[in-house]
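Here the structure comes first, spelled out in structure tokens, and everything after it is commentary.
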Amino acid sequence: MQTDQPIIGVLTQPLNSLLYEEANSYDDENMVDSYIPASHVRYLEQAGARVVPISYRFKYETLTEHLRQVNGIYIPGESPILLNNEKYKSTVSNILDFVSK
């Protein structure tokens, strides 16, 4: 189905230790290690975008495959947890490398 709405990928964020314990205390089978704040999704949807999650834990090949399928990428960065997570910073670096080509 064709749409005029832009499809925006939103980079997931790592859970802090308290949220990780709470999110995974109910279901050991489906472990959760990242999330997207609902306020970010609402912001983009109110602007007319369709939102898809892009995991910060994707390997480079999977990440670039997903980036090729979206019209843009939204990278949250307001949390100190993000600035201290090496995998998150590496993924942001890979995204910036991809979009600069």
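Sequence positions, counted from 1, serve as the residue numbers for this chain.
The hydrophobic clustering, which links ILVMFWY residues whose side-chain heavy atoms are closer than 4.5 Å, places Tyr43 and Ile75 apart. Following chains of ILVMFWY side-chain contacts shorter than 4.5 Å, one cannot reach Val52 starting from Leu44, and the two form parts of different hydrophobic clusters. A continuous path of ILVMFWY side-chain contacts below 4.5 Å connects Ile8 to Val41, so both sit in one hydrophobic cluster. The cluster map of Ile, Leu, Val, Met, Phe, Trp and Tyr, joined by side-chain heavy atoms under 4.5 Å apart, puts Leu96 and Leu82 in the same cluster.
To the nearest 0.5 angstrom, Ile95 atom CD1 is 5.5 Å from Leu67 atom CG. Residue Glu45 holds its CD atom at 9.0 Å from CD of Gln5, rounded to the nearest 0.5 Å. The OH atom of Tyr88 sits 8.0 Å away from atom OG1 of Thr12, with the distance rounded to the nearest 0.5 Å.
With Thr64 contributing its side chain and Tyr60 its backbone, the two residues share a donor-acceptor pair below 3.5 Å.
Heavy atoms only, all atoms of each residue included: Ile36 and Leu11 are closest at CG1-O, 4.4 Å. Here the shortest heavy-atom pairing between Gly48 and Pro6 reads O-CD, 3.7 Å.
Each of Lys89, Lys87, Gln13 was checked for a side chain to side chain contact (heavy atoms under 4.5 Å, CB included) with Tyr56, and the lone residue meeting it is Lys87.
Sorted pairs that involve residues 91-101 and meet side-chain hydrogen bond (donor to acceptor under 3.5 Å, both in side chains), not counting sequence neighbours, are lacking altogether. Listed by first and then second residue, the ring-ring contact (aromatic ring centres under 6.0 Å, His included) pairs that reach into residues 61-81 are His40-Tyr74, Phe58-His66, sequence neighbours excluded.
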